[in-house]
Protein chains: 2
Amino acid sequence: MSPASAPGADTAEVIRRSALKLFAHEGYEATSMREIAAAVGIQAGSLYNHFSSKEEILWDLTRGALLDLREHIDTALARLPADTSASAKLSSFIDAHVRFHALNSERARIVNQQMSGLNRTHYREIVGLRRTFEEQLAGILDDGVREGSFSLVDSRLSVYAILQMCIAVSNWFRKGGGLSVDEVATTYVALAHRMVIGSPAPVRRRRSGGTS
Amino acid sequence: MSPASAPGADTAEVIRRSALKLFAHEGYEATSMREIAAAVGIQAGSLYNHFSSKEEILWDLTRGALLDLREHIDTALARLPADTSASAKLSSFIDAHVRFHALNSERARIVNQQMSGLNRTHYREIVGLRRTFEEQLAGILDDGVREGSFSLVDSRLSVYAILQMCIAVSNWFRKGGGLSVDEVATTYVALAHRMVIGSPAPVRRRRSGGTS
DNA sequence: CGGACAAACTAACGCTTGTTAGTATCACGG
DNA sequence: CCGTGATACTAACAAGCGTTAGTTTGTCCG
């Protein structure tokens, strides 16, 4: 109806929200610019007044989600006193990670599953951003080992396992789905602690059967 | 060159292998029938001598991978004596799960990330198949609790966390990438045991800040 | 009132998509 | 040696893709 700007509408933001939902539920490649435009309530060509390409929309969403996650985690850790134990730092880190992935599951799913839609430059930048979380967690685990409060099965694999466990929350968590964010975060904090604290768990090995 | 059947070639199998690689690395929607055909060495139209649609190729690969995983796990569990402890059953289950996801990472990634390319019927069937693994693991954990050897933080969330931790191995594991399958499987078995065995881990809670 | 700007519109571009129809080529059984 | 069946080929289809150009509309400033 209104071919000019509707005040306060902020079309770019509406585009972001619409594309986010479509990308998260249908996938980036399976979503067309015309679908996004229809969800916004404009024509496909008008999208190019706000984003220079389809890839730029994905890039904007992906990067924004990761930067938000980083900020979310860094402020959580920054709230801790300087002499905080590794154990408490781990709790904060896991809590923040799980909360974010539960409450921003669509954005997280884009980061984790639609990265292949990005061009090489943007892809690499996302991979780099994600690596900072691995390094952050690895640092906390190292601290704990040095303190004597953690005993790891394997440092690199513990990082992978813990991080992926948290990230995967975005795959199944639904608001109002019977589980509160608090419950999930509390449980995952406890699980992560169990994974790094060295009560000598009975590690049993099957007879292995083949490849290296 | 040879417009008729090349003996022993088994074109359908070559299609499966080519499509698997393309789907896993580029994504289902981003892969065209012409790309698959080129990888096989035939024309796009010829694919329809072996599969009735693009979706059927995805369906074939997805279903095949899940059925193989099920068989893999069931034979591992079937090898155990009838009176096996829950702890040993957990070890076998995790070991089999991790091995499969490490050694079949492309197939696993299709199952986990390209499901949205399936039609509704096939999608539901895949979800159903996946649920059987959750139930299997939940059963093992329940047994352990009943035996007194496991003490869970939360039964449902433990299942999710453990399973997703194993599944995620397919996201990063590369054959010949410095880590052997045996190492990874051993470590993950140990981690899973830690997650379910009730050395009272120090569970700390942050002050929560908002949504339910 | 008038000119500038932002943001919407319409219409089309060149290409690619999954899929189909019709045809040609080979191996093999009778 | 011929007929059958499987499998490949070529060519085309309608539809949809991301993107662009040119135009219209509305708002705001001077």
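Side chains are part of it too, since the values below use all heavy atoms of this structure and drop only hydrogens, waters and symmetry mates. For clarity, every value in this text was computed on a predicted model and none was experimentally measured. Residue numbering restarts at 1 for every chain, and letters A, B, ... go by the order of the sequence lines.
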K.L.:
Which residues pass the side chain to side chain donor-acceptor pair (under 3.5 Å) test with B:Arg130, sequence neighbours left out?
P.N.:
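Checked B:Arg130 against side chain to side chain donor-acceptor pair (under 3.5 Å); matches are B:Asn112.
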
K.L.:
Any idea which heavy atoms bring A:Val159 and A:Leu137 closest together, and the distance?
P.N.:
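The answer is O-CD2, 3.9 Å.
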
K.L.:
State, to 0.1 Å, how close B:Ala185 and B:Val98 come at their nearest heavy-atom pair, and which atoms those are.
P.N.:
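The pair with the smallest heavy-atom distance is CA-CG1, 3.8 Å.
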
K.L.:
Do B:Ile57 and B:Met33 come within less than 4.5 Å of each other through their side chains, counting heavy atoms only?
P.N.:
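Yes. Closest side-chain heavy atoms under 4.5 Å.
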
K.L.:
What is the distance, to the nearest angstrom, from the CD atom on A:Gln43 to the P atom on D:dG18?
P.N.:
14 Å

K.L.:
Please state how far atom CD in A:Glu35 lies from atom C1' in D:dG18, giving the value in whole angstrom units.
P.N.:
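Between C1' of D:dG18 and CD of A:Glu35: 13 Å.
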
K.L.:
Collect all protein-nucleotide pairs involving nucleotides 19-21 of chain D in which both atoms are nitrogen or oxygen and the distance is under 3.5 Å.
P.N.:
{"unit_1": "D:dT19", "atom_1": "OP2", "unit_2": "A:Tyr48", "atom_2": "OH", "d": "2.6"}
{"unit_1": "D:dT19", "atom_1": "OP2", "unit_2": "A:Lys54", "atom_2": "N", "d": "2.9"}
{"unit_1": "D:dT19", "atom_1": "O5'", "unit_2": "A:Tyr48", "atom_2": "OH", "d": "3.1"}

K.L.:
Starting at atom CZ of B:Phe51, determine the distance to atom P of D:dA8, rounded to an integer number of angstrom.
P.N.:
12 Å

K.L.:
Using a cut-off of less than 4.0 Å, is there contact between a side-chain N or O of B:His50 and OP1 or OP2 of D:dA6?
P.N.:
no

K.L.:
If you go through the side-chain atoms of A:Asn49, does one of them form a donor-acceptor pair with the base of C:dA6 closer than 3.5 Å?
P.N.:
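It does not, because no donor-acceptor pair links the side chain of A:Asn49 to the base of C:dA6 below 3.5 Å.
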
K.L.:
Classify the angle between the aromatic ring planes of B:Phe100 and B:His72 as parallel (below 30°), tilted (30 to 60°) or perpendicular (above 60°).
P.N.:
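The arrangement is tilted - the two ring planes meet at 30° to 60°.
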
K.L.:
To the nearest Å, how far apart are A:Ile42 CD1 and C:dT10 P?
P.N.:
12 Å

K.L.:
Any residue in residues 22-32 of chain B with a heavy atom nearer than 4.0 angstrom to DNA chain D? Just list them by number, or reply none.
P.N.:
none

K.L.:
Identify the two heavy atoms, one from B:Phe93 and one from B:Ile73, that lie closest to each other, and give their separation to 0.1 Å.
P.N.:
CD1-CG2, 3.8 Å

K.L.:
In whole angstrom, what separates B:Ile15's CD1 from D:dT7's C1'?
P.N.:
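Those two atoms, CD1 and C1', are 11 Å apart.
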
K.L.:
Round to a whole Å and report the spacing from CD1 of B:Ile36 to C1' of C:dT16.
P.N.:
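Answer to the nearest Å: 15 Å.
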
K.L.:
A:Asn171 and side-chain hydrogen bond (donor to acceptor under 3.5 Å, both in side chains): which partner among A:His101, A:Gln113, A:Arg109?
P.N.:
A:Gln113

K.L.:
Considering just the side-chain nitrogens and oxygens of A:Thr11, establish if one lies under 4.0 Å of OP1 or OP2 belonging to C:dA7.
P.N.:
no

K.L.:
Determine, stepwise, if the pair A:Glu13 / A:Arg16 fulfils salt bridge (charged side-chain N to carboxylate O under 4.0 Å, His left out).
P.N.:
CA-CA 5 Å; A:Glu13 196 52 36; A:Arg16 263 184 280 264; 2.9 Å; yes

K.L.:
In sequence, state the C-alpha distance, the side-chain angles, and the governing distance for B:Val169 and A:Tyr160, and then conclude on side chain to side chain contact (heavy atoms under 4.5 Å, CB included).
P.N.:
CA-CA 8 Å; B:Val169 169; A:Tyr160 288 171; over 6 Å; no

